[in-house]
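First up is the structure itself, then whatever we jot down about it.
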Amino acid sequence: MPTRNSTDVIVIGAGVVGAACAYYAARSGLDVTVIDRGPVAGGTTGAGEGNLLVSDKEPGPELDLALLSTRLWRELADTLPPRIEYETKGGLVVASDAHGMAALREFAARQARSGVVADEVPPDRLHDLEPHLAPGLAGGFHYPQDAQVQPALAAAQLLRAGGERVRLRLGEEVTGVLTGSGGRVRGVCTPSGDLHAPHVVNAAGTWGGEVARLAGVTLPVLPRRGFVLVTEPLPRVVRRKVYAADYVADVASDSAALQTSAVVEGTPAGPVLIGASRERVGFDRSLSVAVLRRLAAQAVRLFPVLTTVRAMRTYAGFRPYLPDHLPAIGPDPRAPGLLHACGHEGAGIGLAPATGLLVAAMLGGDGHRGELPLDLKPFGPERFDGSTDPRKEPGHGA
Ligand SMILES: Cc1cc2nc3c(=O)[nH]c(=O)nc-3n(C[C@H](O)[C@H](O)[C@H](O)COP(=O)(O)OP(=O)(O)OC[C@H]3O[C@@H](n4cnc5c(N)ncnc54)[C@H](O)[C@@H]3O)c2cc1C
């Protein structure tokens, strides 16, 4: 029976991943307290674009997680209010020459074996899908499973949909993790007192490494900065998420250096979002006009109609980056009772429901550990055991 000072599960972080963990845990009959030092979606979730993508993922564990999430987002869209702005608008990846097109074809064929639907679009049909696309492209692939959601609203509505089983404590920082015999986690400390629970979920996103450290374990989460440009509201000149073939290589890159490859998409509210850069510069928030110029130039190359459109604002966020580009999901054998759900880098909005479902299954609500729909081994947090402390790595600012 939960009290003010105890609950079944503590989730640290009220971003979209923490919200999904809370939602699925509550649905399995557990009482959950979500603690965040800021507001709901005040971390990276409030700085993301909300693409739910399979198109940019190599076959492997991340794609499997994305495909599971694709199905779950569809279910959630029927459960949560329409204001989460879930849209099954699909993605369009374009190539500028025959060489790029051959690479896209090979990539799509490999993805198809994992269950991804990708339809080749010849150059003379591109404008049926996107009338304002630049002329002269070599063709592309349409990915009907790609979708979109408004991340901050989705996080808030997931928490609300958890009902009375989900309690929120905002503006409260977790400053310590309580442990008992054998290092077993028993709860957390905050400035307003201790809260006890047999399970603590680390859904602290880019700060997941710091929370892990409070429990005495290493998780080398680093910030990977991204800028997004937001245009003035427009009629629907961009219908889907559209990006050039080199975006996939940028996402997969391990380099700390700047990468930009424009991803352009319209939104129901009118503004076109132009994302996103990637660079590891620690938690440096300074605006980089040079990066924004590059993004804008690349977007205009894809959609010349944007040349005279004004940018209304820009924002930056820090993707939670783990060195192998996979999130940490699941129990940490080094600190029994601690589960991780962090490190989703540039795909945490998309991957949140599958992460939440898996975490809830491992928490064993309804009196038993549920059957896991995926092999969790690749996401095991202990894979980083012995790795260097992220504070000593280049690119870690604070
Ligand atoms: C420019 C950009 C574009 C992106 N676009 C997309 C996209 O299109 N699609 C997609 O899927 N993903 C995208 N992402 C990535 C996505 O935003 C993240 O993967 C996702 O938001 C991570 O969610 P989270 O809940 O794990 O972390 P967060 O949203 O950061 O939540 C973590 C929370 O933990 C809290 N916290 C941390 N430490 C403590 C503590 N000690 N005590 C209490 N609270 C604490 C923080 O306050 C924060 O609210 C993008 C990211 C960026 C930067």
Side-chain angles (χ1 to χ4, degrees), residues 10-23 32-52 69 84 149-160 162 166 168-175 177 188 190-191 200-215 219-228 230 273 275-286 313-322 327-329 339-353 355-356 359 390-391 395-398:
I10 296 166
V11 174
I12 306 172
V16 70
V17 174
C21 292
Y23 169 78
V32 187
T33 298
V34 180
I35 307 184
D36 199 298
R37 60 186 171 198
V40 169
T44 311
T45 296
E49 287 158 279
N51 296 301
L52 316 175
S69 262
I84 68 165
V149 79
Q150 210 290 357
L153 292 174
Q157 294 302 330
L158 278 166
L159 288 167
R160 177 173 286 177
V166 176
L168 258 183
R169 285 168 61 163
L170 300 176
E172 228 178 298
E173 175 152 14
V174 170
T175 52
V177 171
V188 300
T190 80
V200 173
V201 178
N202 172 12
T206 312
W207 303 273
E210 287 160 29
V211 167
R213 204 154 40 241
L214 294 178
L219 205 57
V221 188
L222 293 168
R224 197 176 186 195
R225 184 172 75 176
F227 285 106
V228 175
V230 185
L273 302 183
S277 55
R278 297 180 139 74
E279 57 193 320
R280 290 221 320 271
V281 289
F283 284 102
D284 180 0
R285 273 202 183 273
S286 13
R313 67 188 177 93
T314 174
Y315 57 84
F318 299 103
R319 300 177 186 86
Y321 166 92
L322 278 166
I329 305 173
L339 288 88
H340 298 284
C342 62
H344 296 74
E345 204 180 324
I349 318 294
L351 302 178
T355 303
V359 164
R391 286 171 301 181
H396 191 80

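Here the structure is a predicted model, which is why all the values come from computation and not from measurement.
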**Q.** Side chains of C342 and V17 in contact at under 4.5 Å (non-hydrogen atoms)
**A.** no

Q) Among V174, V188, V211, whose side-chain contact (heavy atoms from CB on, under 4.5 Å) with V200 holds? A) V188

**Q.** Distance-minimising heavy-atom pair for H340 and A212
**A.** CE1-CB, 4.0 Å

Q) Is the backbone N or O of R225 less than 3.5 Å from a side-chain atom of R278, with the two atoms forming a donor-acceptor pair by type? A) no

Q: Of all the heavy-atom pairs spanning L170 and P39, show the shortest one and how long it is.
A: CD2-C, 4.2 Å

Q: Hey, could you give me the CZ/CD1 distance between R169 and I12, rounded to the nearest 0.5 Å?
A: 11.5 Å

(Q) For a 4.5 angstrom cut-off between non-hydrogen side-chain atoms, does I329 reach L351? (A) no

Q. Under 3.5 Å, side chain of S69 to main-chain N/O of G350, donor-acceptor pair present?
A. yes

Q. Are any of the side-chain heavy atoms of L322 and P220 separated by less than 4.5 Å?
A. yes

Q: For the residue pair I349 and L52, establish whether any side-chain heavy-atom pair is separated by less than 4.5 Å.
A: yes

Q. How many angstroms lie between CG in N202 and CD in E210, if you round to the nearest 0.5 Å?
A. 10.0 Å

Q: May I ask you to decide if V16's main-chain N or O and T45's side chain share a donor-acceptor pair within less than 3.5 Å?
A: yes

Q. Between F318 and F283, what is the ring plane arrangement, given parallel below 30°, perpendicular above 60°, and tilted in between?
A. perpendicular

Q) Between A20 and A352, which heavy-atom pair has the shortest distance, and what is it? A) CB-O, 3.3 Å

Q | Intermediate values then yes/no, side-chain contact (heavy atoms from CB on, under 4.5 Å), V228 and T314 | A | CA-CA 6 Å; V228 175; T314 174; 5.7 Å; no

Q. Counting N and O atoms only, with roles assigned by atom type, does the side chain of Y315 sit under 3.5 Å from a partner on the main chain of G48, one being a donor and the other an acceptor?
A. yes

Q | Donor-acceptor under 3.5 Å (S277 side chain, F227 main chain) | A | yes

Q) Do the side chains of W207 and T44 get nearer than 4.5 Å, heavy atoms only? A) yes

Q | P320 and V221, any side-chain heavy atoms less than 4.5 Å apart | A | yes

Q. Should V11 and V359 be marked as a side-chain contact (heavy atoms from CB on, under 4.5 Å) after you check the CA-CA gap, both sets of side-chain angles, and the distance that decides it?
A. CA-CA 11 Å; V11 174; V359 164; over 6 Å; no

